[in-house]
Amino acid sequence: MKPAGAKGAAGVKGAVIRTPNGMSLRFSPRAVAVAVLCLAVALGVGVLLIGSGDFPMGPADVVRTLLGNGTPADSLIVNEIRLPRAAAGLAVGAALGLAGAIFQSLTRNPLGSPDVLGFSQGAATGVLGVIVLTGGGSAAVAAGAAAGGLLTGAVVYAVAGRHGAHGQRLILVGIGVAAILTGVNGYLLTQAKITDAARAVLWLTGSLNGRDWADAAPVLAALAVLGPLVVVGCGRALRMLEMGDDAAHGLGVPIERARLIMLAAAVLLTSFAAAAAGPVSFVALTAPQLARRLTRAPGPNLLPSMCMGAALLVAADWAAQRAFTGHQLPVGVVTGLLGGGYLVWLLVTQRKTGRI
Amino acid sequence: MKDANARLSGTGLTLAYDKRTIAEDLDVAVPDGSFTVIVGPNACGKSTLLRALARILKPASGTVVLDGEPIAGWPAKKLARTLGLLPQSSIAPEGITVADLVSRGRYPHQGLLRQWSREDERVVTESMEATGVAALADRPVDELSGGQRQRVWIAMALAQQTPLLLLDEPTTYLDIAHQIEVLDLCARLHEEGRTVVAVLHDLNHAARYATHMIAMRDGAIVAEGGPDTVVTAELVEEVFRLPCRVIECPETGTPLVVPAARAARVAAGT
Ligand SMILES: Nc1ncnc2c1ncn2[C@@H]1O[C@H](COP(=O)(O)OP(=O)(O)OP(=O)(O)O)[C@@H](O)[C@H]1O
Ligand SMILES: [Mg+2]
């Protein structure tokens with residue numbers, strides 16, 4: 001193997017690894033560095049999260065326990081109570097970051113995120129339906145979220161039209177659908193028994209409190225399957241799609257199929273993330289933009305966005321636990337506050353440069 | 001069909017966007033090894049025809065045939081290695097550099113385990129040199145002038161290395177010298193054995209460079225053949241509704257269109 005310099009002879013950015021038998025891999029060292037850095041931050045904060053609570057533990061103890069060398073008491077607290085929550089947080093953040101990167105790339109718009117496009121609301125409708133109508137547990141909630149998200153995806157795709165399933169049109173249709181679903185969700189809440197309503201409202205703000213392995217499992221599984229499929233399998237096609245349908249088609253990308261697969265994957269990631277933590281707002285919107293600013297690379301930046309999402313979400317969760325001593329905020333409140341501020345800033349700067 | 005041996009041809013094409021029919025029952029053949037230029041007024045369906053020939057637009061009826069096979073059945077990447085298209089408008093992703101954009105033309109030659117071969121590198125360098133954008137390699141595309149940008153897109157299409165190349169208005173935005181440069185480049189590609197199809201608005205350039213011309217109006221092919229038979233005063237008036245004189249170009253001997261003076265046109269009531 002022979003890594004070429006940071007820049008090829010043609011002036012093309014990135015590093016290349018070539019093997020003698022003709023295989024070659026091309027990547028951006030900066031993007032890899034950003035991804036690794038975000039992942040390190042995410043895991044580090046995850047360890048801090050596991051260590052904090054009514055029974056605080058130092059990071060060294062947490063790591064030792066995670067590696068299987070802790071006391072039985074520590075082991076119970078870490079592996080059974082706090083690790084599921086941290087793992088759910090990491091997976092939810094990663095899923096949202098990845099889904100956001102896909103949506104923003106497909107819509108070619110920094111506002112293209114599941115919150116704006118109505119998919120989070122659709123997943124919420126599914127979950128509320130399950131909680132209010134059946135009072136079901138984690139598995140039923142996850143199924144409800146996936147069904148709600150996919151159904152919304154199908155409706156938005158159908159209304160936006162086969163050839164309009166990109167850009168402005170998808171966003172406008174999504175905003176409309178989101179508004180309708182918000183109304184439906186409100187109606188479902190009024191129909192709920194008071195105990196169910198309390199559970200539903202907490203879920204709606206986006207919270208990781210009391211998550212166990214059953215809650216974390218669906219989003220972890222979705223990420224394990226869809227993550228590699230999307231990042232490795234479709235990343236390059238997505239990059240071509242950013243140049244417009246005609247250009248991508250001319251380069252041999254089966255545009256309709258690629259777009260449908262990417263949309264479905266992103267909707268599923270959003271839905272399972274919502275099932276685990278509720279519709280945590282703004283992570284999907286901000287993570288890809290932050291990642292992009294750090295990598296300074298065009299294109300969907302899938303892997304960096306995914307790691308950035310995980311880092312953002314656990315950091316927000318950590319802040320939510322620390323903000324008021326003795327009183328835990330739902331993580332969705334923190335991401336909402338930070339993300340809302342970011343959105344305003346985005347609108348102002350983008351308006352100045354004339355992009356939106 | 002006019003030419004049974006053409007690699008690329010369409011028969012009985014009806015082209016429509018949703019319910020709006022642009023062209024009906026159109027037969028077209030691109031002669032092998034030709035430099036074919038399509039001319040016609042705005043909105044007559046030139047881009048639409050090119051998009052159908054490149055399989056971007058599925059005809060409502062009729063078939064496009066490439067190398068004896070209906071184009072609809074071609075695998076996407078194989079098609080992209082045979083037939084390249086420069087669309088009339090494309091989007092340069094924010095912040096992308098010239099070299100990176102041109103390198104995307106190699107996509108149909110790449111795969112998951114073959115992402116950037118030495119061949120890719122060589123072809124990208126050559127394509128940038130051929131279009132005169134090598135010096136801009138590191139510049140972001142969104143900071144280039146319209147003409148520079150146009151040449152970058154042409155470089156990307158070149159990097160695709162297809163024996164058939166469809167170019168939709170490759171000379172828009174270019175100054176006269178760069179227009180000639182791009183047309184010279186097309187002529188060179190044509191001499192090297194590629195079949196080039198281009199939509200051009202300048203009839204004089206078309207007449208000078210084309211080996212075969214197709215004149216369109218309202219979604220129909222009005223005339224086709226060599227520049228001498230297509231670029232005549234009668235046909236230009238019929239196709240563009242512009243009275244003119246056609247003289248012999250003092251430089252190349254090809255037809256040269258000189259629009260009638262305004263006074264003459266006003267007098268004739270057009
Ligand atoms: N995506 C589309 N959806 C609907 N109608 C379209 C679309 N693209 C083009 N048309 C219509 O089809 C007709 C032919 O357009 P086309 O782009 O083929 O013209 P053209 O000959 O290339 O014109 P120009 O010289 O201006 O590029 C026009 O009336 C145009 O409005
Ligand atoms: Mg056109």
Side-chain angles (χ1 to χ4, degrees), chain A residues 4 7-19 21-28 105 108-110 161-164 166-167 232-258 292-293 295-301 353 355, chain B residues 17-18 47 51 54-56 75-81 83-118 120-128 134 136-138 140 153 156-157 160 166 168:
Chain A
K7 219 186 224 181
V12 168
K13 276 196 196 153
V16 181
I17 295 176
R18 294 202 177 98
T19 63
N21 60 0
M23 292 206 301
S24 54
L25 286 178
R26 185 174 151 204
F27 58 92
S28 150
S105 172
R108 298 177 197 127
N109 192 313
R162 220 159 62 89
H163 298 289
H166 52 80
V232 179
C234 301
R236 293 169 55 254
L238 198 57
R239 202 174 297 157
M240 300 299 138
L241 272 174
E242 290 192 342
M243 292 187 287
D245 285 7
D246 284 10
H249 187 287
L251 289 172
V253 176
I255 47 178
E256 296 298 341
R257 197 178 67 201
R292 181 203 182 95
R293 287 202 160 64
T295 61
R296 295 197 200 134
N301 282 307
T353 57
R355 281 224 173 70
Chain B
Y17 293 103
D18 293 321
S47 298
R51 297 176 80 229
R55 202 177 70 176
I56 292 176
K77 275 197 174 176
K78 186 175 170 218
L79 180 62
R81 287 193 297 267
L83 190 153
L85 171 76
L86 174 74
Q88 194 169 353
S89 57
S90 310
I91 309 155
E94 213 184 319
I96 193 170
T97 62
V98 168
D100 274 330
L101 187 68
V102 175
S103 77
R104 292 187 175 194
R106 298 301 295 164
Y107 180 78
H109 299 271
Q110 296 168 333
L112 193 54
L113 297 177
R114 195 175 173 279
Q115 298 183 346
W116 190 239
S117 64
R118 290 196 193 289
D120 292 337
E121 204 159 293
R122 186 181 61 75
V123 173
V124 167
T125 312
E126 280 176 11
S127 305
M128 288 195 296
L136 306 173
D138 291 329
W153 284 108
M156 191 189 97
Q160 221 172 315
L166 312 184
D168 199 347

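Only a predicted model underlies this, so the values are computations on that prediction, with no experimental measurement involved. Each chain gets a letter, A, B and so on, in the order the sequences are listed, and its residues count up from 1. When reading the values below, keep in mind they use all heavy atoms of this one structure, side chains included, and skip hydrogens, waters and symmetry mates.
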Calculate, to the nearest 0.5 Å, the distance between atoms [atom1] and [atom2] belonging to [X] and [Y] respectively.
X: B/L85; Y: A/D246; atom1: CG; atom2: CG; value: 6.5 Å
X: A/M240; Y: B/R104; atom1: CE; atom2: CZ; value: 5.0 Å
X: B/S90; Y: A/E242; atom1: OG; atom2: CD; value: 13.5 Å
X: B/D120; Y: A/R26; atom1: CG; atom2: CZ; value: 8.5 Å
X: B/M156; Y: A/M243; atom1: CE; atom2: CE; value: 4.5 Å

- Task: Examine whether an atom of A/R296 lies under 4.5 Å from a heavy atom of chain B, and if so say whether it belongs to the side chain, the backbone or both; otherwise answer neither.
- Result: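 Neither part; nothing is under 4.5 Å.
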
- Query: For the candidates A/G250, A/A297, A/G244, which exhibits the highest count of non-hydrogen atom pairs separated by less than 4.5 Å from chain B?
  - Reply: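 Among A/G250, A/A297, A/G244, the one with the most close pairs to chain B is A/G250.
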
Which heavy atom of [X] sits nearest to which heavy atom of [Y], and what is that distance?
X: A/L25; Y: B/L112; value: CD2-O, 3.9 Å
X: B/G105; Y: A/L251; value: CA-CD2, 3.7 Å
X: B/W116; Y: A/S24; value: N-OG, 2.9 Å

Which of the residues [options] is involved in the greatest number of heavy-atom pairs with chain A at under 4.5 angstrom?
options: B/P75, B/G95, B/G111; value: B/G111
options: B/Q88, B/R114, B/H109; value: B/R114
options: B/P93, B/A92, B/S117, B/S103; value: B/S117

Is [X] close to chain A through its backbone or its side chain, or both, or neither, when contacts mean heavy atoms under 4.5 Å?
X: B/A54; answer: backbone
X: B/R51; answer: side chain
X: B/Q110; answer: both
X: B/L166; answer: neither

